[in-house]
> 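So that we are looking at the same thing, I have put the structure below in structure tokens.
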Protein chains: 2
Amino acid sequence: MTNLSSTYDEILDCARSLIIAGGYNGFSYADIAEVVGIRKASIHHHFPSKVDLVQTLVARYRKEAEAGMANLEHQGSDPLELLRFYAGYWEACIMDDSAPFCVCALLASQLPVLPEEVCLEVRAHFRSLSAWLTSVLERGARQGQLQLMGTPHDEAEAFMATVHGAMLSARAYGDPKIFGVVTSSLLERFSSR
Amino acid sequence: MTNLSSTYDEILDCARSLIIAGGYNGFSYADIAEVVGIRKASIHHHFPSKVDLVQTLVARYRKEAEAGMANLEHQGSDPLELLRFYAGYWEACIMDDSAPFCVCALLASQLPVLPEEVCLEVRAHFRSLSAWLTSVLERGARQGQLQLMGTPHDEAEAFMATVHGAMLSARAYGDPKIFGVVTSSLLERFSSR
DNA sequence: GTCATTCTACCTTCTGGTAGGTAGTTTGTC
DNA sequence: GACAAACTACCTACCAGAAGGTAGAATGAC
């Protein structure tokens with residue numbers, strides 16, 4: 001139980017890449033089988049159904065993201081630094097093409113055709129990301145470091161939306177640099193100076 | 001040629017709704033056939049392949065959007081009004097669930113698995129929308145009505161990204177109101193007063 | 001009669017999923 | 001330590017249904 005096979009992880013990693021590329025209906029067990037070098041049926045041993053696979057994958061993604069946010073928080077960086085780090089993290093992922101889109105953002109776009117279980121995981125990610133951003137903005141505003149025009153919550157939603165939209169634009173233009181253009185414009189607006 | 005059958009249009013409208021819900025791989029000819037009340041094979045008479053159908057659909061969408069932008073432009077409204085109108089248009093579409101997502105924004109998210117022809121149409125829409133927003137922002141800045149921190153182009157990209165991200169959040173939360181929250185925060189920031 | 005439209009009937013390939021089997025490892029019991 | 005039972009990870013060989021698509025025959029308007 002503690003010793004999970006590496007195949008299990010390989011399947012999850014592969015599925016993640018495939019979802020990032022084309023969403024829930026954009027890949028099949030056959031696609032994974034080919035990449036991992038295993039037979040289709042063997043995937044069912046690890047993940048009985050496609051819903052199981054994607055739900056596990058998103059749950060894990062969500063956990064990683066939450067761990068990342070908690071970790072940033074403990075490093076005691078100031079609010080503006082945290083926002084910069086968050087945007088910088090995605091900028092790096094997009095520039096080196098290692099993860100050119102947030103799994104949950106991509107799945108959210110197809111929410112109406114997603115299985116209920118996956119839908120709930122995706123929604124939970126949006127809520128936890130929004131909550132974290134809200135707390136960062138709230139702290140920044142209280143310290144006088146960040147310039148907010150609305151409530152921390154509303155500004156957090158706007159921040160998140162802009163980052164997701166920037167991922168979309170980078171993909172649409174086929175130009176990773178556009179992500180940096182949009183996010184740096186976003187960050188600038190929050191700095192007081 | 002001038003007298004296009006209404007079935008043709010019904011198929012396009014139906015496909016549009018289905019794409020808005022789940023993207024390129026989220027619907028099939030069978031789905032359309034059921035809604036339109038026609039046999040699968042009959043759709044092939046109007047659109048030989050799925051690529052033809054989606055390409056036509058996106059091209060038409062693009063034309064409509066460009067006509068809408070040109071029309072707004074001719075009404076001579078001031079820049080801030082134009083931005084408000086644009087955001088308000090989408091807010092209405094999302095609130096009444098008539099078109100809760102931009103077809104091109106949704107397709108852009110799955111660009112890596114899209115047929116080349118569709119990909120080009122989607123990209124073209126992003127470019128024309130960005131160009132229009134740039135011109136509006138540029139004019140607003142020149143007139144002193146809008147407060148820009150970066151170049152009109154960069155701000156236009158940020159504006160577009162935020163609107164697309166707001167669509168995504170509204171869908172993720174299952175709450176149409178979040179679109180208005182994000183976009184009104186966005187518009188406020190551009191107003192001078 | 002011609003032409004567009006729609007139909008039935010069919011094809012191939014892909015889809016997620018199942019059944020049943022095999023080789024190798026762990027585990028529990030004596 | 002020996003040995004059976006159970007478990008893990010994978011396999012081959014299927015299946016039913018859905019996918020996009022084709023061929024050719026009816027229908028019906030001009």
Side-chain angles (χ1 to χ4, degrees), chain A residues 1-19 21-60 107 110 112-119 121, chain B residues 1-58 106-107 110 112-119 121:
Chain A
M1 207 144 313
T2 52
N3 196 3
L4 288 166
S5 83
S6 98
T7 302
Y8 180 92
D9 292 320
E10 268 184 75
I11 293 169
L12 282 178
D13 284 353
C14 176
R16 185 185 288 203
S17 305
L18 291 170
I19 283 183
Y24 190 84
N25 291 308
F27 77 100
S28 70
Y29 269 38
D31 296 327
I32 298 174
E34 201 179 344
V35 175
V36 177
I38 212 179
R39 290 310 164 114
K40 233 181 34 154
S42 307
I43 301 172
H44 285 284
H45 168 69
H46 297 280
F47 305 97
S49 77
K50 195 178 181 181
V51 176
D52 288 313
L53 169 57
V54 177
Q55 189 184 355
T56 305
L57 179 165
V58 180
R60 178 181 278 204
L107 289 175
Q110 337 184 302
V113 297
L114 250 42
E116 183 69 16
E117 297 92 322
V118 176
C119 187
E121 291 287 342
Chain B
M1 205 139 324
T2 53
N3 196 3
L4 288 165
S5 82
S6 99
T7 303
Y8 180 93
D9 293 319
E10 268 184 75
I11 292 169
L12 282 177
D13 284 352
C14 175
R16 185 185 289 203
S17 305
L18 291 170
I19 283 184
I20 287 174
Y24 190 84
N25 291 308
F27 77 101
S28 70
Y29 269 39
D31 296 327
I32 298 174
E34 201 179 344
V35 175
V36 177
I38 212 179
R39 292 309 165 112
K40 234 179 34 154
S42 306
I43 303 172
H44 285 285
H45 168 70
H46 297 281
F47 304 97
S49 78
K50 194 178 182 182
V51 176
D52 289 313
L53 168 56
V54 178
Q55 189 184 354
T56 305
L57 178 166
V58 180
L106 210 141
L107 288 174
Q110 337 184 309
V113 298
L114 250 42
E116 183 68 15
E117 297 93 324
V118 177
C119 186
E121 292 288 342

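The structure displayed is predicted, hence computed values, not measured ones. Protein chains get the first letters and strands the later ones, always in sequence-line order, with residue 1 at the start of each.
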> Return the value, rounded to whole Å, for the distance between atom CD1 of B/I38 and atom P of D/dA26.
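Result: 19 Å.
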
> If only atom types and distance count, is the side chain of A/D9 paired as donor or acceptor with the main-chain N or O of A/S6 below 3.5 Å?
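No, the answer is negative, given that no donor and acceptor are paired below the 3.5 Å cut-off.
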
> When the distance from NE2 of B/H46 to P of D/dG20 is rounded to whole Å, what number comes out?
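Going from B/H46 (NE2) to D/dG20 (P), I get 17 Å.
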
> Can you tell me which nucleotide in C/dT5, C/dT8, D/dT8 comes closest to the side chain of B/H45?
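For B/H45, the side-chain atoms sit closest to C/dT5.
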
> C/dA4 P sits how many Å from B/Y8 OH, rounded?
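Distance check: B/Y8 OH to C/dA4 P gives 15 Å.
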
> Verify, without hydrogens or angle tests, whether A/Q110 (side chain) and A/G23 (backbone) share a donor-acceptor contact under 3.5 angstrom.
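Pair absent, no side-chain N/O of A/Q110 close to backbone of A/G23.
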
> Pull out every residue in residues 25-36 of chain B that has a heavy atom closer than 4.0 Å to any atom of DNA chain C, ordered by number, or say none.
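The stretch gives none, as no residue of it lies under 4.0 Å from the strand.
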
> Can you find a side chain N or O atom of A/T7 that sits less than 4.0 Å from OP1 or OP2 on D/dA9?
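So the side-chain polar atoms of A/T7 never come under 4.0 Å of the phosphate oxygens OP1 or OP2 of D/dA9.
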
> Can you check whether any acceptor in the base of D/dG21 is under 3.5 Å from a donor in the side chain of B/K50, or vice versa?
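No, the side chain and the base share no sub-3.5 Å donor-acceptor pair.
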
> Shortest non-hydrogen contact from B/V58 to B/E121?
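Between these two residues, the closest heavy atoms are CG1-CB, 3.6 Å.
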
> Whole angstroms only, please: what is the CG-C1' distance between A/L18 and C/dT15?
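For the pair A/L18 CG and C/dT15 C1', the rounded distance is 15 Å.
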
> Can you check the A/R39 CZ to C/dG17 C1' distance for me, whole Å?
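Between C1' of C/dG17 and CZ of A/R39: 17 Å.
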
> Could you tell me whether the phosphate oxygens of D/dA9, OP1 or OP2, come under 4.0 Å of any side-chain nitrogen or oxygen in A/H44?
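For D/dA9, OP1/OP2 do not have a side-chain N/O of A/H44 under 4.0 Å.
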
> Tell me: CZ of B/F47 to P of C/dT6, nearest whole Å?
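Rounding to the nearest Å, CZ of B/F47 and P of C/dT6 are 11 Å apart.
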
> Given atom CG of A/D9 and atom C1' of D/dA9, what is their separation to the nearest angstrom?
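Taking CG of A/D9 and C1' of D/dA9, I get 14 Å after rounding.
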
> Decide side-chain contact (heavy atoms from CB on, under 4.5 Å) for B/L53 and B/I32; before the verdict, give the C-alpha distance in whole Å, the side-chain angles of both, and the deciding distance to 0.1 Å.
CA-CA 11 Å; B/L53 168 56; B/I32 298 174; 3.6 Å; yes

> How are the rings of A/H46 and A/Y8 set relative to one another: parallel (under 30°), tilted (30 to 60°) or perpendicular (over 60°)?
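Ring orientation, 0 to 90° scale: perpendicular.
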
> Mind listing the closest non-hydrogen atom pair of B/K50 and B/F27 along with its distance?
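Minimum heavy-atom separation between B/K50 and B/F27: NZ-O, 2.9 Å.
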
> On a heavy-atom basis, which atom in B/G26 and which in A/V113 lie closest, and how many Å separate them?
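Closest heavy-atom pair between B/G26 and A/V113: O-CG1, 4.5 Å.
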
> Does C/dC7 have OP1 or OP2 sitting under 4.0 Å from an N or O in the side chain of B/S42?
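Yes, such a contact exists.
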
> If you pin B/G37 and B/K40 to their nearest nucleotides in DNA chain C, which one's is more 5'?
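The residue closer to the strand's 5' end, by nearest nucleotide, is B/G37.
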
> In terms of side-chain heavy atoms of B/S49, which of D/dG21, D/dC10, C/dT6 is nearest?
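From the listed options, D/dG21 comes nearest.
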
